[in-house]
Protein chains: 2
Amino acid sequence: MEQEKIIDDFMRRKGLKTTKQRNVIIKTFLNSHSHCSTEDLYLKLRKKHPKIGYATVHRTLKLLVECGIAIEQNFRDGQTRFEPVREDSHHDHLVCVECGLIIEFSEPQIEQLQQEIAASYQFVIRNHRHELYGLCSRCAGK
Amino acid sequence: MEQEKIIDDFMRRKGLKTTKQRNVIIKTFLNSHSHCSTEDLYLKLRKKHPKIGYATVHRTLKLLVECGIAIEQNFRDGQTRFEPVREDSHHDHLVCVECGLIIEFSEPQIEQLQQEIAASYQFVIRNHRHELYGLCSRCAGK
DNA sequence: ATACGTGCAAATAGTTTGCATACCA
DNA sequence: TGGTATGCAAACTATTTGCACGTAT
């Protein structure tokens, strides 16, 4: 898998070690449907690996962010959430403030406009965040 | 001033009281160049009003958010920031990750595209957040 | 063997709350 | 006067860190 290779390279470059914990955390994270917080992942892992520590989960997620494998999100619920990066498809989010549903969307025209705005300020974009908050169709219908 | 009227109405409607502290906090907040955190505002106020409490500042800012006079922002530095709402001009932000500079921008085309995206998911937008992170011209030039 | 990683518990940072006192309407 | 607001300190929540012990290279 491509991502495993990236992680491997990064670890080697930084002199970091492969451990059972890291393997299982990374695997679970990449397979989990995305947008999970440290706690979500910790609780999920604990079922099969009761000895795993919260701090290790958190440190591993930070590591993935450093490798560029994951990015941090923050949807105003007070928890930092992590999401695997899929290099081919950047996307942004619709967040339902009622039920917490998260829908991903992508719109190349917006990306293009962003670039133009940045350029007009001689600003170099590293990354961005674009979230639309409101009611999903179910919650709006109630 | 228009905003003072809105605040007054809100206070009356909710049976809230006008106090010296609230007046000075609100006045300072509205006059301060925007994007300040509770702490920023607290420190600024403390110079002239040493007896004012951090909690009061924070509670007043929350109150302003409730009235729709202020909105909460969060630019990944771990602090919630508050910004006065100017009803006529919605805007988004460019944030320099190096020096913390914040530039406001607005782009009606993007707003329009957002509406179309939301509509395609039968999603009702309440508000949104759109931030571009990167290097400002000064920091990029270094 | 050595340096990095882990798990635990404790520290931190930001925010929120309980409560006795002060104040507005 | 009665209920709301304030200031302080303590509680909370999410996150980060120190450290003794374990483990990969």
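Keep in mind that this is a model prediction, so the values were computed, not measured. Throughout, a chain's letter reflects where its sequence line sits, starting with A, and its residues are numbered from 1.
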Next on the checklist: Quick check on C/dT15: is either OP1 or OP2 less than 4.0 Å from any side-chain nitrogen or oxygen of B/Thr80?
Outcome noted: yes

Item to check | Inter- and intrachain pairs under side-chain hydrogen bond (donor to acceptor under 3.5 Å, both in side chains), touching residues 45-54 of chain A, at least two apart | outcome: A/Tyr42-A/Arg46

Checklist entry - Taking DNA chain C as the partner, which of residues 40-54 of chain B come within under 4.0 angstrom of it by heavy atom? => result B/Tyr54

Checklist entry - Roughly, in whole Å, what's the span from NZ in B/Lys62 to C1' in D/dT6? => result 18 Å

Next on the checklist: Measuring from the side chain of A/Thr56 (C-beta onward, heavy atoms only), which nucleotide among C/dT6, D/dA9, D/dA14 has the closest atom?
Outcome noted: C/dT6

Checklist entry - If the sugar-phosphate is the primed atoms plus P, OP1 and OP2 and the base is the rest, what is the B/S/- string for nucleotides 20-25 of chain C, using protein heavy atoms under 4.0 Å? => result ----BS

Next on the checklist: Tell me the interatomic distance from B/Asp77, atom CG, to C/dT15, atom P, rounded to whole angstroms.
Outcome noted: 9 Å

Checklist entry - Taking CD1 from A/Ile25 and C1' from C/dT6, how many angstroms apart are they, rounded to a whole number? => result 10 Å

Item to check | Interatomic distance where CZ belongs to B/Arg22 and P belongs to D/dT4 [whole Å] | outcome: 11 Å

Checklist outcome for this item: A/Asp8 atom CG is separated from D/dA24 atom P, nearest whole Å, by 15 Å

Checklist entry - Please give, in whole Å, the distance from D/dA24 C1' to A/Arg12 CZ? => result 13 Å

Checklist outcome for this item: The residue among A/Tyr133, A/Phe75, A/Phe105 that forms ring pair (Phe, Tyr, Trp, His ring centres under 6.0 Å) with A/His93 is A/Phe75

Next on the checklist: What verdict does the side-chain contact (heavy atoms from CB on, under 4.5 Å) test give for B/Arg129 and A/Asp92, after you've listed the backbone C-alpha separation in whole Å, the side-chain angles of each residue and the deciding distance to 0.1 Å?
Outcome noted: CA-CA 11 Å; B/Arg129 160 199 266 182; A/Asp92 293 298; over 6 Å; no

Item to check | Salt-bridge criterion met for B/Asp8 and B/Arg12 (N-O under 4.0 Å) | outcome: yes

Checklist entry - Less than 4.5 Å apart, any side-chain heavy atom of A/Leu63 and any of A/Arg22? => result yes

Item to check | B/Glu39, nearest nucleotide to its side chain (from D/dT17, D/dG7, C/dG14) | outcome: C/dG14

Checklist entry - What is the distance, rounded to the nearest whole Å, between atom CD of A/Gln21 and atom P of C/dC4? => result 17 Å

Checklist entry - Between B/Thr60 and A/Ser37, which has a closest nucleotide on DNA chain D that is more 5'? => result B/Thr60

Next on the checklist: Would you compute the distance between atom OG of B/Ser106 and atom CD1 of A/Ile117 and round it to the nearest 0.5 angstrom?
Outcome noted: 8.5 Å

Next on the checklist: Can you give me the closest heavy-atom contact between A/Cys67 and A/Phe10, atom names plus distance?
Outcome noted: SG-CD2, 3.2 Å

Checklist entry - How long is the span from the SG atom in A/Cys96 to the CZ atom in B/Arg126, to the nearest 0.5 Å? => result 8.5 Å

Checklist entry - When the distance from CD of A/Glu66 to P of C/dC4 is rounded to whole Å, what number comes out? => result 14 Å

Checklist entry - Does B/Lys44 pair with B/Asp40 as a salt bridge, N-O distance under 4.0 Å? => result no

Checklist outcome for this item: Whichever of B/Arg59 and B/Arg81 has the more 5' nearest nucleotide on DNA chain C, that residue is B/Arg81

